[in-house]
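Naming: A, B, ... by sequence-line order, numbering from 1 per chain. The shown structure was predicted, so the numbers you read here are calculated from the model rather than taken from an experiment.
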Number of protein chains: 2
Amino acid sequence: MSAAPRIEKPAKAMAPGVHFPPDVFAADCPTRRVLDRIGDKWAVLILILLARGTVRFNELRRLIDGISQKMLSQTLKSLERDGLVSRRVIPTVPVAVEYTITPLGRTLHDAVDPLRIWAETHIAAVEAAQARYDAAPRQG
Amino acid sequence: MSAAPRIEKPAKAMAPGVHFPPDVFAADCPTRRVLDRIGDKWAVLILILLARGTVRFNELRRLIDGISQKMLSQTLKSLERDGLVSRRVIPTVPVAVEYTITPLGRTLHDAVDPLRIWAETHIAAVEAAQARYDAAPRQG
DNA sequence: CGGCATCCTCGTGGATACTG
DNA sequence: CAGTATCCACGAGGATGCCG
């Protein structure tokens, strides 16, 4: 997953002495992890779904088109680890497990929403640009 | 890259008849591609960087910690294809190439910004949750 | 039902070398 | 300088099978 050890910064990839503010551009910036988490499409999808209400494991599986059981399980686990989602086990005969978004998770969901809006608003422009680009007569 | 053929929906992964609103959860939803593009950490990083001003190829390379020449080139190309970034070739002796964010790209940048804010604001909470989770005495 | 373990494929992306 | 092309290693992630 994106949360996995992704630190590929030997700190020698750059000339010594070259330094820029410890910004998002530094490989070890924690903010980068959040970006990675957002990059995880399954995570975002799950978050959006859970923002609408508590859902059970297999129900999520049914709702999210194309997700494998492995990825669902894995993603839920890291979401839980990040405190974005909470897990509740109901010890019925065949066990049932509910997933609910946490307050923290909801704040992230709110921050992600502008992106969804953007996508819906500008997707046409993007596709038009792509068409234009693909049709370009190979400008030197 | 994320923009690559990522369509893994045979439309038969679900029982026939089972249908949900053509939402973000459908694998073929165009919105999903935007999410994928955001998921591309390099793309986001480049976008943020270019939002601050026009930058040249190798300058970007130097600025972004850990990016390979291949990924930079590749990412810039798809950003250009998406109409988010524009490329300008200056035919000097050794050729120079400038990359500039487009108005469309800027709107995306603006939509991404809340995420950066969120990250900076809540990263501590997330890390705390992780620490708690990792220290959990294996409940149930 | 929920979920972990195993296997195995195949795409992502780094390293390297060459060109305009 | 700004790429493109090739090779290759690694790991994400699907498929399958088993367990509590």
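- For B:Arg61 and D:dG3, the CZ to P distance is 11 Å, given to the nearest whole Å.
- Scored by the side-chain hydrogen bond (donor to acceptor under 3.5 Å, both in side chains) test, A:Ser68 finds no partners at all (sequence neighbours excluded).
- Looking at residues two or more places apart in sequence or on another chain, you find a side-chain hydrogen bond (donor to acceptor under 3.5 Å, both in side chains) between A:Asp113 and A:Arg116.
- Distance check: A:Leu60 CG to A:Tyr99 OH gives 8.5 Å after rounding to the nearest 0.5 Å.
- The separation between B:Arg62 atom CZ and D:dA2 atom P is 8 Å, rounded to whole Å.
- Atoms CD1 (B:Ile67) and C1' (C:dT12) sit 13 Å apart, rounded to a whole Å.
- Contact check, A:Arg56 against C:dG2: a side-chain N or O comes under 4.0 Å of OP1 or OP2.
- Distance A:Glu59 CD to C:dC1 C1': 13 Å, rounded to the nearest Å.
- Residue B:Arg87 places no side-chain N or O under 4.0 Å from the OP1 or OP2 atom of D:dA2.
- At D:dC1, none of the side-chain N or O atoms of B:Tyr99 fall inside 4.0 Å of OP1 or OP2 (strictly under the cut-off).
- At whole-Å resolution of the value, CG in A:Asn58 and P in C:dC4 are 13 Å apart.
- Sorted by first and then second residue, the salt bridge (Lys or Arg N to Asp or Glu O under 4.0 Å) pairs with a member in residues 67-76 of chain B form an empty list; sequence neighbours excluded.
- Listed by chain and residue number, A:Phe57, A:Arg61, A:Ser73 satisfy the side chain to side chain contact (heavy atoms under 4.5 Å, CB included) test with A:Gln69 (two or more places apart in sequence, or in another chain).
- For B:Arg88, the side-chain hydrogen bond (donor to acceptor under 3.5 Å, both in side chains) partners are B:Glu98, not counting sequence neighbours.
- For the pair B:Ile64 CD1 and C:dG13 C1', the computed distance is 15 Å after rounding to whole Å.
- We find that CD of B:Gln74 is positioned 15 Å from P of D:dT6, with the value rounded to whole Å.
- A:Trp42 places its CH2 atom 10 Å from the C1' atom of D:dG13, with the value rounded to the nearest Å.
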Practice prompt. Starting at the 5' end of nucleotides 15-20 of chain D, put B wherever the base has a protein heavy atom under 4.0 Å, S where only the sugar-phosphate does, and a dash everywhere else.
Written response: B----B
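- In this structure a side-chain-to-backbone donor-acceptor pair under 3.5 Å is missing from B:Arg56 to B:Ala96.
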